[in-house]
Each structure stands twice: as structure tokens, then as C-alpha cells.
Novice: 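I'd like to ask some things about the structure below.
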Protein chains: 2
Amino acid sequence: MKLLHHPERKDILLSSVLYALSDPVRLQIVAQIHRGGEQACKSFEVPIAKSTLSQHVRTLREAGITHTRIYGTQRLLSLRSEDLNERFPGLLDAVLRSYGESREEIELRQEYEKQGS
Amino acid sequence: MKLLHHPERKDILLSSVLYALSDPVRLQIVAQIHRGGEQACKSFEVPIAKSTLSQHVRTLREAGITHTRIYGTQRLLSLRSEDLNERFPGLLDAVLRSYGESREEIELRQEYEKQGS
DNA sequence: TCTATAGTTCGGTAATTAACGAACAATTGA
DNA sequence: TCAATTGTTCGTTAATTACCGAACTATAGA
């Protein structure tokens, strides 16, 4: 059983969080977890190879945005909303709300549907 | 007289804004403008060469975060707060508040003071 | 035990980025 | 007109990143 590294709340850095959220694929993952709750990587609808997805998921975890829980062969991701709200009040909500209203999600989804799964 | 490109409000992208804000130097610049109002590049207290600063300033402008006004030999930068608030409500405030309370600014400033100007 | 599923790691490529100094351009002010 | 100030552009280097497929690990379920 592999141990996954998660930064402590106090060690979560603003610039790292912003960087992790600045990638369209990672934003999409975060938005999907926000809407659907804890879920496994296989459910993320993103137009990339699974090895690439694995890297993005790691980036989110190491930035302190997500928590990864091992469940069988799956990795269940959830948002560390409480930690983020404590450390950067309002930031996550503002990002999620803005993303929901943007056309960036639509564009990514189109790519995903073109590629198929 | 060179023309500077500024994206229109509707063309400001969330991921580009987050990316531009994810660099410690650029965050410091944004925080300084927020506190001191419109100001020239020479007043930014960041530990980098002026050619590098010029690039960072361009990144902020092209992401839609700052507006650059030409005044003599200077470029006066201001925050496009209204555009950003309209497009991504609460985002800029959350970032600025979080940055102000973080230790990231302190660390950058220490580097700046070490290097001298 | 065997197979399928879920995800990670590795090795490699291509693209992007941050950084610098030197040279340049534009403007101000002496 | 000349020098100083302010910032940009260029060429280069080093580091990081995104991406992929192939091989691998671990677990679940037949």
C-alpha cells in the first residue's frame, strides 16, 4: 500500500494553488468533484491519456486542493474545501463559480467528446 | 508610439488569470498596485532584472489583470478591478486578501532586500 | 488462480517558461 | 543637443511542463 503525500493545511501555498487551478484540465477535474462529490479518476471527462491524468491528479493533491483516498484499485478524490476556505477565504468559491459561467468548460468538453473515451 | 495590447473584458480567460497570478513575482506586483494605486514598473520591489520584470508586466497585461498607460518614458500600471470583478466576482479580492496574510510576500521581499536594487 | 480494472511510473519528446545581459528606443530635462 | 531615465527587445540558457505509450503494480471478482 503506497502512501500518498498531502500537504498540511498551513503548508498550502497560494501560488501553488493558483498554479494548479490554472490548467483547463485540472479546473475541469475540480469542477467535476465539486458538483458530483468524491469520485474516482476514471469518471473525469477530460481529453487526455490516463498517464497524463495521473500527473494532473498528483499536481492537485500536492498543491493541497484535493484529498485522495484509496479504495480498492481506485483513488477517490475529494476537495479540501474546509482547508482551502480557512486558508484562502472565498477563493475556491470564486473560481468554481467563474468556471461554471465560463466557456472554457464547454470547449474542453467538446474536445473530450470528439476524442471519445 | 507603441500600442499595447489589452484583451477586452469578455476575452479575459479564467485559466490565464489564474496562471498569471500563480507566480510569486507577479503576485507581488499586483499586491503593490492594489495597495499603492497606479504606478510605474520602477517602483516594484522585486528581486529580478529589469528585462525579466518587463516580461512579467506583459504577462499580467495580456492576461487582462492590469492596464498599462504610457506616461513619458514610464508605463503606469493599474488593476482592471472592475473588469475582473465583473467577470470573476470575488476572485481578485480573495487572492489579494490571501496574499496579504501569507508568508509568501515576506519571503520575496527578503530576497529583494538581499539583492539590493 | 486468472483476468479485468484502475491507476502509477518510466522514458522520451516537444513546447513553454523564467531568467539574464546587451543593445536598443523613446522621452525628459539640463 | 546631450545625458539620464525608463522600459522593450533579442539571443541564449536552464528548468519545467504537458503529453504520450509501454510496462508495471495492486486489487477485485470470476
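Here the structure is a predicted model, which is why all the values come from computation and not from measurement. Chain letters run A, B, ... following the sequence lines, proteins first and then strands; every chain starts at 1.
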Novice: Look at B:R58 and D:dG7 and indicate whether a side-chain polar atom (N or O) is within less than 4.0 Å of OP1 or OP2.
Specialist: no
Novice: Go through the steps to decide whether A:E38 and A:R80 satisfy the test salt bridge (Lys or Arg N to Asp or Glu O under 4.0 Å), and finish with yes or no.
Specialist: CA-CA 11 Å; A:E38 191 186 47; A:R80 295 178 61 178; over 6 Å; no
Novice: Round to the nearest Å and state the distance from A:Q74 atom CD to D:dT27 atom C1'.
Specialist: 10 Å
Novice: Which comes earlier along DNA chain D counting from the 5' end, the contact point of A:Y71 or that of A:D23, where each point is its nearest nucleotide?
Specialist: A:D23
Novice: Would you give the length of the straight line joining atom CD1 of A:I48 to atom NE2 of A:H56, rounded to the nearest 0.5 angstrom?
Specialist: 4.5 Å
Novice: Report the distance from atom CG of B:L60 to atom C1' of C:dA18, rounded to the nearest whole Å.
Specialist: 14 Å
Novice: Measure from the side-chain heavy atoms of B:K42 and tell me the nearest of D:dT27, D:dT9, D:dT6.
Specialist: D:dT6
Novice: Looking only at side-chain N and O atoms, does B:Y19 come under 4.0 Å of OP1 or OP2 in C:dA18?
Specialist: yes
Novice: Of all the nucleotides listed (C:dT9, C:dG7, D:dC20), which has the minimum atom distance to the side chain of A:R75?
Specialist: C:dG7
Novice: Does a side-chain N or O from B:K50 land closer than 4.0 Å to OP1 or OP2 of D:dG7, or not?
Specialist: no
Novice: Distance alone, cut at 3.5 Å: any donor-acceptor contact between the side chains of B:Q28 and B:Y99?
Specialist: yes
Novice: Test A:F44 against A:K50 for side-chain contact (heavy atoms from CB on, under 4.5 Å), laying out the working first.
Specialist: CA-CA 10 Å; A:F44 298 137; A:K50 71 174 181 171; over 6 Å; no
Novice: Classify B:L53 by what it touches in the nucleic acid, base, sugar-phosphate, or nothing, heavy-atom distance under 4.0 Å.
Specialist: nothing
Novice: Output the single nucleotide from D:dC10, C:dG7, C:dC10 whose closest atom is nearest the side chain of B:S51.
Specialist: D:dC10
Novice: Rounded to the Å, how far apart are B:R61 CZ and D:dT9 C1'?
Specialist: 13 Å
Novice: Grab the CD-C1' distance between A:Q55 and C:dG7 for me, whole Å please.
Specialist: 11 Å
Novice: Which listed nucleotide (D:dT8, D:dC19, D:dA18) is nearest to the side chain of A:H56?
Specialist: D:dC19
Novice: Take atom CG of A:L76 and atom P of D:dA28, then tell me their distance rounded to the nearest Å.
Specialist: 12 Å
Novice: How long is the line joining CD of A:E62 and C1' of C:dT9, in whole Å?
Specialist: 14 Å
Novice: What about B:S54: does its side chain form a donor-acceptor pair under 3.5 Å with the base of D:dG7?
Specialist: no
Novice: Can a cation-pi geometry be assigned to A:R26 and A:Y19, taking NZ or CZ under 6.0 Å from the six-membered ring centre and within 45° of the ring axis?
Specialist: yes
Novice: Taking only side-chain N and O atoms of B:T52, does any of them lie within less than 4.0 angstrom of OP1 or OP2 on C:dC20?
Specialist: yes
Novice: Please give, in whole Å, the distance from C:dA25 C1' to B:L4 CG?
Specialist: 14 Å
